[in-house]
Amino acid sequence: RAKVAIVEAVGASPRLEQYRMQRRTVWGSMLAEAAELAAKKGWIPPGDYAMRVSALLGAVNYVVYDWSIADPQPPIDDVIRVLSRVLIAAIAADT
């Protein structure tokens, strides 16, 4: 499923690409809103959320894809731990 959703869906058809990009925009907006709220509360430095979110979405795509094709497949807890660290580092980094 990850291979189809992350790799094979890219550019498969104009309609699917439009849908994929809409979903990416929804996820990106959700993450950016969460980051803006955290910045307003002083929990993280403000700024450049769009690039941070893009970096995060790319990281999620590649880590999940690599995990999905690994043999043997590492525990999902490893994926969660790694992506949690990436998320925290990207959002909390000084701009």
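Quick note: residue numbers are just sequence positions, from 1.
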To the closest 0.5 Å, what do you measure between CD (Gln18) and CD (Gln22)? 4.5 Å

Should Val79 and Val60 be regarded as members of a common hydrophobic cluster, given that ILVMFWY residues are connected when their side-chain heavy atoms come within less than 4.5 Å of each other, either directly or indirectly? yes

CA sep, side-chain torsions, deciding dist, call: Val86, Val63, side chain to side chain contact (heavy atoms under 4.5 Å, CB included): CA-CA 11 Å; Val86 170; Val63 169; over 6 Å; no

I'd like to know if Trp43 and Leu37 are part of one continuous hydrophobic network [Ile/Leu/Val/Met/Phe/Trp/Tyr, side-chain heavy atoms within less than 4.5 Å]. no

Looking only at heavy atoms, what is the nearest atom pair of Leu83 and Ala59, with distance? CD2-O, 4.0 Å

What distance do Asn61 atom CG and Leu56 atom CG have between them, rounded to the nearest 0.5 Å? 11.0 Å

With sequence neighbours left out, write down each residue that passes side chain to side chain contact (heavy atoms under 4.5 Å, CB included) with Met21, or none if nothing qualifies. Glu17, Arg24

What are the two closest heavy atoms between Pro46 and Ala39, and how far apart are they? CA-CB, 3.9 Å

The test is side chain to side chain contact (heavy atoms under 4.5 Å, CB included); show your working for Trp67 and Ile76 and say whether it passes. CA-CA 8 Å; Trp67 169 81; Ile76 190 67; 3.8 Å; yes

Are the side chain of Ser54 and the backbone of Met51 linked by a donor-acceptor contact shorter than 3.5 Å? no

